[in-house]
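I have placed the structure first, in the form of structure tokens, so that the comments after it can refer back to it.
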Amino acid sequence: MKATLVLAVLAFAYTAWLPPRSTVALESKQNATPRESHIPVGSADLYSREVGQGTAIIALHGGPDFDHSYLLPELDRLSDSFHLIYYDQRGRGRSADRVQPEDVTLASDIADLEKVRQYFTLDSVVLLGHSWGLCLPSNTRYGTRSGCLA
């Protein structure tokens with residue numbers, strides 16, 4: 001599983017190095033058709049966006065007041081090799097409808113991450129987190145269930 005993390009980091013570094021209008025970058029964009037869905041979690045719905053194929057990676061955005069949009073389009077360049085799953089955490093971005101501030105806790109964020117894993121029927125997960133996104137799995141059992149954490 002450590003090899004998957006190394007591969008993801010190397011692939012991201014390589015694609016970040018490519019000129020924005022390179023042939024590889026354009027082919028990646030053309031082959032990747034994002035799919036959007038809403039995952040029910042209690043009285044709320046989590047907005048999710050998935051793209052690509054291959055090993056699934058759940059991308060956890062920073063915050064706690066951000067949404068996944070700042071990860072795009074750069075991270076999508078990995079969609080030729082990986083099945084990328086983004087979601088806006090409860091109370092953020094497109095997952096803010098019908099959510100009260102008191103509904104958003106570390107416990108609800110951790111439970112929501114598990115709901116996302118179940119929704120996409122993933123036995124094990126690769127988690128790619130930024131900033132606040134790293135706080136979620138570090139406070140759960142994902143240390144033993146995840147393929148890796150970055």
Side-chain angles (χ1 to χ4, degrees), residues 1-42 44-99 104 108-138 140-143 145-150:
M1 289 299 155
K2 289 181 182 179
T4 305
L5 172 61
V6 171
L7 180 60
V9 170
L10 289 175
F12 184 69
Y14 172 74
T15 56
W17 171 78
L18 289 171
R21 301 244 184 253
S22 73
T23 304
V24 174
L26 289 176
E27 286 174 7
S28 249
K29 277 182 134 177
Q30 292 170 352
N31 293 332
T33 304
R35 295 166 301 281
E36 298 178 344
S37 57
H38 293 274
I39 303 167
V41 290
D45 288 323
L46 300 179
Y47 168 81
S48 69
R49 178 184 183 275
E50 61 177 316
V51 64
Q53 56 191 18
T55 302
I57 297 176
I58 298 177
L60 301 167
H61 64 76
D65 293 329
F66 297 156
D67 62 28
H68 80 281
S69 63
Y70 74 93
L71 300 170
L72 307 175
E74 289 78 17
L75 206 54
D76 274 358
R77 293 179 180 178
L78 298 175
S79 65
D80 286 341
S81 301
F82 298 97
H83 175 201
L84 301 168
I85 300 169
Y86 306 90
Y87 74 99
D88 287 348
Q89 296 158 19
R90 186 187 302 223
R92 289 90 156 191
R94 295 185 188 177
S95 297
D97 291 346
R98 300 183 319 272
V99 177
V104 180
S108 69
D109 282 346
I110 291 167
D112 292 349
L113 176 56
E114 178 62 13
K115 287 284 191 183
V116 170
R117 186 195 65 79
Q118 291 172 359
Y119 180 84
F120 290 101
T121 60
L122 303 172
D123 292 329
S124 64
V125 295
V126 175
L127 302 173
L128 177 64
H130 172 252
S131 185
W132 174 254
L134 287 173
C135 293
L136 301 181
S138 66
T140 68
R141 66 183 180 280
Y142 281 99
R145 294 192 66 176
S146 66
C148 38
L149 174 66

I need the minimum non-hydrogen distance between Lys115 and Ile39, along with the two atoms involved.
O-CG2, 4.4 Å
How far does CG of Asp123 sit from CD of Gln118, to the nearest 0.5 angstrom?
11.5 Å
Of all heavy-atom pairs between His68 and His61, which one has the smallest distance, and what is that distance?
N-CD2, 3.6 Å
Could you walk me through whether Asp97 and Tyr47 pass the side-chain hydrogen bond (donor to acceptor under 3.5 Å, both in side chains) test, one step at a time?
CA-CA 10 Å; Asp97 291 346; Tyr47 168 81; over 6 Å; no
For Val126 and Ala56, the nearest pair of non-hydrogen atoms, with its separation, is CB-O, 3.5 Å
Output the distance between atom CD1 (Ile58) and atom CZ (Phe120), rounded to the nearest 0.5 Å.
8.0 Å
Value rounded to 0.5 Å, distance of OG1 in Thr33 from CD in Glu50:
11.5 Å
Do you know which two heavy atoms are closest between Ser48 and Ser37, and how far apart they sit?
OG-OG, 2.6 Å
When you measure from the side chain of Arg77 to the backbone N and O of Leu75, does any donor-acceptor pair fall under 3.5 Å?
no
Non-neighbouring partners of Asp45 that pass salt bridge (charged side-chain N to carboxylate O under 4.0 Å, His left out), sequence neighbours left out
Arg98
Quick one: does Trp132's side chain get under 4.5 Å of Asp65's, heavy atoms only?
no
List the steps, then state whether side chain to side chain contact (heavy atoms under 4.5 Å, CB included) holds for Leu113 with Leu127.
CA-CA 10 Å; Leu113 176 56; Leu127 302 173; 4.3 Å; yes
Rounded distance (nearest 0.5 Å) linking atom CG of Leu78 with atom NE2 of His83
13.0 Å
Mind checking whether His130 and Tyr70 have ring centres under 6.0 Å apart?
yes
Side chain to side chain contact (heavy atoms under 4.5 Å, CB included) for Ile85 and Val125? Distances and angles first, verdict last.
CA-CA 11 Å; Ile85 300 169; Val125 295; over 6 Å; no
One pair to check against side chain to side chain contact (heavy atoms under 4.5 Å, CB included): Leu46 and Arg90. What are the steps and the verdict?
CA-CA 6 Å; Leu46 300 179; Arg90 186 187 302 223; 4.1 Å; yes
Result for salt bridge (Lys or Arg N to Asp or Glu O under 4.0 Å) between Arg49 and one of Asp88, Asp67, Asp76 points to Asp76
